[in-house]
There are 2 protein chains.
Amino acid sequence: MEVITLKDIAKALNLSTSTVSRALRDSYEINEKTKKLVAEYAKKVNFRPNPIALSLKDNKSRAIGVIVPEIANNFFSQAINGIEDEAYSRGYHVVICQSHESLEREKENLRHLFERRVDGILISLSGKTTDIKHILEYSESNFAVVFFDRVPESGGFHKVVADNFSGAFAATEYLIKQGKKRIAHITSPLTLSITKERLEGYKKALEVHGIAIDNELIKYCGFDPEEAKSTINDFMNTQKPDAFFTCSDRLALHCYEAFQNRKDEMPVDTPFFGFTNLNVSHLFHPKLSTVVQPAYEMGGRAAKILLDQLESKRKVKDFDKIVLETYLKIS
Amino acid sequence: MEVITLKDIAKALNLSTSTVSRALRDSYEINEKTKKLVAEYAKKVNFRPNPIALSLKDNKSRAIGVIVPEIANNFFSQAINGIEDEAYSRGYHVVICQSHESLEREKENLRHLFERRVDGILISLSGKTTDIKHILEYSESNFAVVFFDRVPESGGFHKVVADNFSGAFAATEYLIKQGKKRIAHITSPLTLSITKERLEGYKKALEVHGIAIDNELIKYCGFDPEEAKSTINDFMNTQKPDAFFTCSDRLALHCYEAFQNRKDEMPVDTPFFGFTNLNVSHLFHPKLSTVVQPAYEMGGRAAKILLDQLESKRKVKDFDKIVLETYLKIS
DNA sequence: TTAATTTATGCAATCGTTTTCAGGATTTTT
DNA sequence: AAAAATCCTGAAAACGATTGCATAAATTAA
């Protein structure tokens, strides 16, 4: 497979590169016969314009960056699928970076992507990110940014999120309808937007069903597995909840592990709910039910907004916030 | 964050772009004073050479492509982590494509990456790929290829694989030492290199321990979950093995699902082994033990070989085949 | 037949960087 | 003091594509 340039074609057909270029782009200035000649030859030798040359010319890389906490997480890998399908179908490629829940890594990722001259980025914030100064720095220089899933509170950006409130409400309500009254909620640090929204959904469901909110049943857990372990131990030694509802993939897994470490097995009649996209939750013991987010769609929508923005001439002035529905997967 | 070019620096300091370029690359031709002046100014305005311009000049994109069957699979996402760490630390970026176990998609991925002018690719073959003609087409035009995990039989390529034989041997031996004698092996199509190697390990362990090989206990399963289902049903209705050993992530999951669909639960004293990197296998019911591959390392090594090759002047003549050890994770 | 118009093509600049070549200025050698 | 060597710098070409401008050739109008 040989790499062919415009110049090669021009030489072969005894034309100038400009004529060849125009012929291929079907310019009105070029004779039909010439066009056909060029088109046929180009096809024969399998000509493809060098995307790097085009990038240099247009000052556009036709690449977008994605920053997620972790690829090895079903939610994010599904979201990435959505992003890639949208991007590839529109001729963009995708550079993926992981923040590993670290603000420092997130900053490095941004710098790397910026230096690589990506046209814009999609980002789901790290768990340690409390403000977005580092992102604002870049977002001036016509460097478009769209947030998804874990988004900042401040306005002025496009965002795509799940309906965290309703998802948490539905899960909590489901547990209540199963007759549960002491539902523990184990959640992430309050710095994350999703934490607050899910907590509100949980509280609202209790309220609607006339169950008093017991703050002892709500625990915040950072990223250290040990935290989850001691939280679970506390719960089992004191509160003995009759159901669990955790806020994330990671927390659900840490809690399951904490249970495995205890002598007394997790009671089978204590249902466990997670806000996760784990595609194997139904194989867990005890069963793990989940609030599932439309991760693929979320990625695709976020990518679409970004690319639309990149390709539109006028500067956007109003910013979309798209909220996608979740659904329950009962195991 | 402003984007600065050589020309900007040249204008500001009243020098020519060539002098600035040379100063920054510490050329012996440039006066020390000038060098210092330029270096300081460049640092102040945060100059970064435009990678796209460099790519065009060098005819190198400093990007590598990765083709895997599926990102949403722990083995591959861990391998990608290894690839990205190696690549980013050496100033390359990574374009990820998924073949979704389809030969057609794999061909499209190749075409896409080639047109994108990546300098080389890392590939783990799709389950439908039986020959590598489509890859050979490209591998001429100084387009380096390194295979990992699922590699072709033919020589003439760099390869990084797990010691599939030993892994399968160890798992089978473990089951035998647990007193199991009728160990079912459910495996992928024989077109995949890993299938054969793992099957050989399984057979060898039986042989070493004086257990006759029963071909009725060996079943090949494609990618359709229904196949796994009927395989499991067949086994449970007739052979009733006293242990299971599956060849892949996917097969292990399909089998677990098949068991869930049956009335009679999977007997708890029938141990189940998978050749997978599932990081939640210990939370399954019944327990899933696994042969774990060093996925991160595999990705990293493969990337290193590829990048070393890209950066070496002389053409490689002998091709490495690196075999990495697996380990058992008993749940 | 000559001028005006249309048609078809090529030249050259551009994007940002590197690098070859050339040359001016300064210093050293004779 | 002239020739040679050394040092520093800049102009220009190259990478591959696009595009404004110029112009030659063909056609039409007068």
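We name chains A, B, ... by the order of the sequence lines, and we start the count at 1 in each one. On a predicted model such as this, the values are computed, not experimentally measured, just so you know. Keep in mind that the numbers below use all heavy atoms, side chains included, and drop hydrogens, waters and symmetry copies.
- At a cut-off of 3.5 Å, with distance as the only test, a side-chain donor of Ser16(A) or Thr19(A) sits close to an acceptor on the other residue.
- OP1 or OP2 of dT17(C) has not a single side-chain nitrogen or oxygen of Ser21(B) nearer than 4.0 Å.
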Letter by letter from the 5' end, nucleotides 5-14 of chain C scores (B base, S sugar-phosphate only, - none; protein heavy atoms under 4.0 Å) ---BBBBB-B

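- A salt bridge is absent between Glu40(B) and Lys36(B); no separation between the charged side-chain nitrogens and carboxylate oxygens falls under 4.0 Å.
- The distance from atom CG of Asp8(B) to atom P of dT17(C) is 8 Å, rounded to the nearest whole Å.
- Between Phe143(B) and Tyr138(B), the angle of the ring planes lies from 30° to 60°, which puts this pair in the tilted group.
- Glu2(B) places its CD atom 12 Å from the P atom of dG16(C), with the value rounded to the nearest Å.
- Using modelled atom types and a 3.5 Å distance limit, the side chains of Ser18(A) and Ser21(A) yield no donor-acceptor pair.
- Of the residues in residues 35-55 of chain B, those lying under 4.0 Å from DNA chain C by heavy-atom distance are Phe47(B), Arg48(B), Pro49(B), Asn50(B), Ala53(B), Leu54(B).
- The aromatic rings of Phe148(B) and Phe75(B) are tilted relative to each other, their planes meeting at an angle between 30° and 60°.
- Side chain of Thr191(B) to main chain of Thr130(B): no donor-acceptor pair is present (N/O by atom type, distance under 3.5 Å, no hydrogens or angles).
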query = So Glu32(A) and Lys35(A), salt bridge (charged side-chain N to carboxylate O under 4.0 Å, His left out) or not? Walk me through it.
reply = CA-CA 5 Å; Glu32(A) 283 304 325; Lys35(A) 279 188 198 172; 3.5 Å; yes

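- Checking side-chain atoms of Ser61(A) against main-chain N and O of Ser55(A) turns up no donor-acceptor pair under 3.5 Å.
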